[in-house]
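I have placed the structure first, in the form of structure tokens, so that the comments after it can refer back to it.
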Amino acid sequence: MISLVALCVLALLVLALLGAVTALMPVGRVLVYGGSLVLCLVLLVAGLASLDTTVQRVTLPLGLPWIGAHLRLDALAAGFLVLIGLGGAGASLFALGYGRHEHAPQRVLPFYPAFLAGMVLVVLADDAFLFLFAWELMSLASWALVMTDHQAEGTARAGFVYLLMATFSGLTLLLAFGLLAGAQGGYDFASMRQAHPTGLLAALVFVLATIGAGSKAGLVPLHVWLPLAHPAAPSHVSALMSGVMTKVAVYGFIRIVFDLMGGPVWWQAVVVLALGGVTAVLGVLQALMEHDVKRLLACSTIENVGIIFIGLGLAMAFQVNGFIAGAALAMTAALFHAFNHTLFKSLLFFTAGSVLSATGTRDLERLGGLIHRMPPTAVVALVGCMAISALPPLNGFASEWLIFQAVLLRPDLPQWGLKFMLPVDGALLALAAALAAACFVRLFGIGFLGRPRSPAAAEAQEVDRFSIAAMAVFAALCLLAGLFPGAAIDAIAPIVDLLLAGRMPVQLADPWLTIAPIAASRSSYNGLLVATFIVVSTTIAAVGIHRLASRAVRRAPIWDCGFPDARPITQYSGASFAQPLRRIFGAVVFRAHETVDMPAPGETRPATIRKTIHDPVWDALYAPLVGLVTWAAEAMNVLQFLTIRRYLAFVFAALVVLLLALTLWQ
Amino acid sequence: MHSLSFDIAHMLAGGLVLVSFLMLYQDRLYALLNVLALHALVLALSVAWQAHIQDAPHLYITAAIALGFKAILIPWALRKMVFRLGIHREVETVVSIGLTMLAGMALVALSLQVMLPVTAQADPVAREDIALALSVVLIGLLMMVTRRNAVSQVVGFLSLENGIIFAATGARGMPLVVEISVAFSVLIAFIVVGIFLFRIRERFDTVDDAALDQFRGGRS
């Protein structure tokens with residue numbers, strides 16, 4: 001099986017070359033996306049088949065001569081292979097239609113399969129060299145994809161920030177692996193597993209791995225690149241970056257912290273829980289303030305990464321205290337949520353791409369009424385919005401419910417930090433879930449309901465069949481995963497078993513497909529039952545209303561509050577929907593400020609309301625950093641204009657200082 | 001335990017350092033060139049002695065090159081150059097000579113302190129040689145840093161290079177081709193610097209390198 005997966009990687013790389021050759025021909029698009037679709041499906045099947053089998057290893061004579069390229073396919077890798085295969089297949093299917101609108105296919109086609117190959121290699125890698133190589137391949141290919149539309153405003157900055165953060169992430173991971181390899185230089189993961197670092201070394205590795213994987217995943221405060229870079233790419237690539245690449249980063253974190261380091265320490269769990277909680281709330285608050293659809297989705301990705309990290313933090317906290325059942329529950333919940341997020345975030349990015357290609361705009365304030373123009377897209381978008389808002393019976397509810405179950409276990413943890421963090425994270429999680437619901441009500445309500453806010457939205461045309469097919473498949477998967485969460489939990493069980501040596505109880509054994517995380521007496525959830533109840537009660541209500549009130553659908557003028565001929569601009573807008581939340585949270589967190597400029601009576605200029613928002617993380621962390629770098633560059637600039645003798649003196653002084661250091665060091 | 005050969009090698013090495021100090025002390029260009037010739041002469045003697053005690057006849061060639069090029073040809077050429085350039089014959093120092101001498105002593109102490117522990121296992125002759133060679137190199141660099149006049153910077157560079165040759169011959173088994181190529185590279189560097197000196201002189205009427213910096217818009 002592992003050789004099949006390795007062949008798929010090779011085929012993807014070949015496809016990248018083919019894409020470069022045929023980019024300007026119409027056949028290139030079909031070749032690249034069709035080929036990627038097939039290969040991703042193969043990867044999906046291979047991943048599913050390898051979930052429950054034994055660990056497979058292959059060493060290829062590539063890479064550094066004394067290491068070689070170690071590949072390994074265990075349950076964890078297989079699980080993430082499923083994720084990549086699924087996300088990649090969906091994006092490729094979507095792109096078969098969507099790619100038609102691409103202005104410069106030669107900027108997308110060569111990098112798209114390379115990006116997929118990079119992600120697959122990351123999860124396959126079993127030595128630090130290959131892992132970092134694949135990690136950088138993934139970063140660079142996605143950077144090239146972000147820069148596709150390089151003339152658009154902001155893309156260059158997004159690409160620059162992304163490249164900086166990706167380099168930083170690669171650097172910290174390099175250092176982490178260097179520390180794990182130790183003085184002997186055991187760069188393959190097998191020897192890293194043998195040597196368990198302790199004390200300061202373990203702490204350092206943990207911090208570096210969290211920074212490296214966290215900055216790729218979008219953990220606050222390393223998330224600044226994400227809302228810039230993800231929306232700048234073409235929509236199917238945005239779907240891959242948000243839906244799949246952040247999960248590959250989560251994989252990197254799990255691989256290092258749970259597998260290679262061999263067991264966390266309690267303060268590490270506190271750190272992860274705190275970061276996860278802050279990320280979840282800040283991400284969704286930022287999403288609420290956005291009016292660019294794709295940026296909104298990218299910010300919501302930050303929130304979901306926070307939720308996943310809360311799950312991972314819980315698993316660490318429980319594992320430290322030997323509470324394996326709880327740890328298995330939290331880990332299952334985190335992985336399940338990662339899977340679900342891939343499904344609904346890809347789906348939502350596909351709908352954003354469809355809306356973009358139909359209307360030519362991503363600005364929420366210029367959309368509206370699309371449910372009439374694009375009914376299938378509107379339906380799948382509704383499914384995606386409900387899933388990400390964690391409404392039953394969809395999949396988002398199942399995984400967030402599991403995380404809440406893990407939070408609510410409340411075992412008697414001895415460490416004060418964990419005692420404190422668990423309820424705090426429960427509260428943050430609840431807040432984030434509620435705000436996410438508000439955020440996606442806003443997205444769907446403003447984008448698809450109401451009346452068109454621009455001529456472009458009024459004349460939108462439904463997108464092609466491939467795009468609709470991709471979206472429909474993902475919407476169906478969201479529903480299926482929500483109806484049968486037991487199947488997903490049982491499929492995830494081997495991964496959890498590998499990491500924690502324990503698993504959740506088997507769920508599919510229950511004849512009514514009820515899932516019970518710990519014991520049925522404590523809590524249980526049956527997606528099928530809830531769905532049936534919703535369907536039946538809705539049907540009864542609808543039939544009742546139609547029977548008892550009126551049989552016919554009547555179309556009447558909209559109630560216009562006494563002002564006839566209301567313009568679309570008088571509708572509720574995205575900004576006005578978010579205003580209460582902006583005033584409550586934004587004033588504190590984002591220093592949101594509104595100024596109203598009211599013309600004096602008799603003046604003909606329009607009144608304006610101007611709102612300003614500051615990113616607290618950027619202001620507190622990155623702006624000083626940029627200032628420091630600029631200052632250092634200015635200060636170093638003097639060195640460009642020294643005399644020859646001073647340059648010589650510098651060389652001389654450096655030599656003497658080094659010799660002195662050598663003497664003192666001895 | 002110290003044989004006569006060791007003592008002589010040691011004396012020559014110490015002599016080289018001593019001549020380096022002499023070089024630091026000079027405040028006239030002609031005198032400086034004379035000391036440079038002396039420096040190369042001591043180097044040639046020392047290399048010849050190494051050739052004798054190591055039974056390495058090719059080192060005699062190195063010694064001959066040092067004697068021919070560095071002790072005779074280059075000082076002579078520099079002397080002609082100074083004469084033809086008609087530059088004033090005083091060495092212009094940046095730091096006072098006393099301070100420079102003190103710094104030189106500190107550098108010798110530093111290089112002994114660095115080298116002796118590192119080479120604890122090495123052959124005692126090579127060990128002393130390398131430590132003293134490092135001090136010659138460092139004093140050469142110090143000279144380049146503390147002199148304004150381009151000619152005295154060239155002298156500093158040449159004495160630095162002498163230190164390198166000295167270190168190389170102290171270690172056994174240095175191939176001849178390396179030494180010859182180093183010697184030729186020095187010669188070529190000398191020619192280039194010589195031409196360069198004339199060019200600066202033509203443009204700026206001085207060989208003080210501060211003029212170059214003014215031309216470039218920097219601060220001296």
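Chain letters run A, B, ... following the sequence lines, proteins first, then strands; residues in each count from 1. Source: prediction; values computed, not measured.
- Within a 6.0 Å radius of CZ in A:Phe253, more than 12 heavy atoms belonging to other residues, nucleotides or ligands are found.
- Taking OG1 of A:Thr663 as the start and CG of B:Leu110 as the end, the distance is 5.0 Å to the nearest 0.5 Å.
- By the side-chain hydrogen bond (donor to acceptor under 3.5 Å, both in side chains) test, A:His150 pairs with A:Arg107, sequence neighbours left out.
- A:Leu659 has its side chain within reach of B:Leu138: a pair of non-hydrogen atoms, C-beta onward, lies under 4.5 Å apart.
- For A:Leu660, the parts sitting under 4.5 Å from any heavy atom of chain B are the backbone and the side chain alike.
- Shown here is A:Trp618, whose CH2 atom has more than 12 heavy atoms of other residues, nucleotides or ligands within 6.0 Å.
- No more than 12 heavy-atom neighbours from other residues, nucleotides or ligands sit within 6.0 angstrom of CZ on A:Phe133.
- Both the backbone and the side chain of A:Leu648 come within contact range of chain B, with heavy atoms under 4.5 Å apart.
- Interface summary for chain A: among B:Thr146, B:Leu107, B:Leu142, the most heavy-atom pairs under 4.5 angstrom belong to B:Leu142.
- A 4.5 Å side-chain heavy-atom check between B:Val145 and A:Val651 finds every atom pair outside the cut-off.
- For residues 155-187 of chain A, the pairs satisfying ring pair (Phe, Tyr, Trp, His ring centres under 6.0 Å) are A:Phe131-A:Phe177, A:Tyr162-A:Trp225, A:Phe177-A:Phe189, with sequence neighbours left out.
- Proximity to chain A is limited to the side chain of B:Leu134, based on heavy atoms less than 4.5 angstrom apart.
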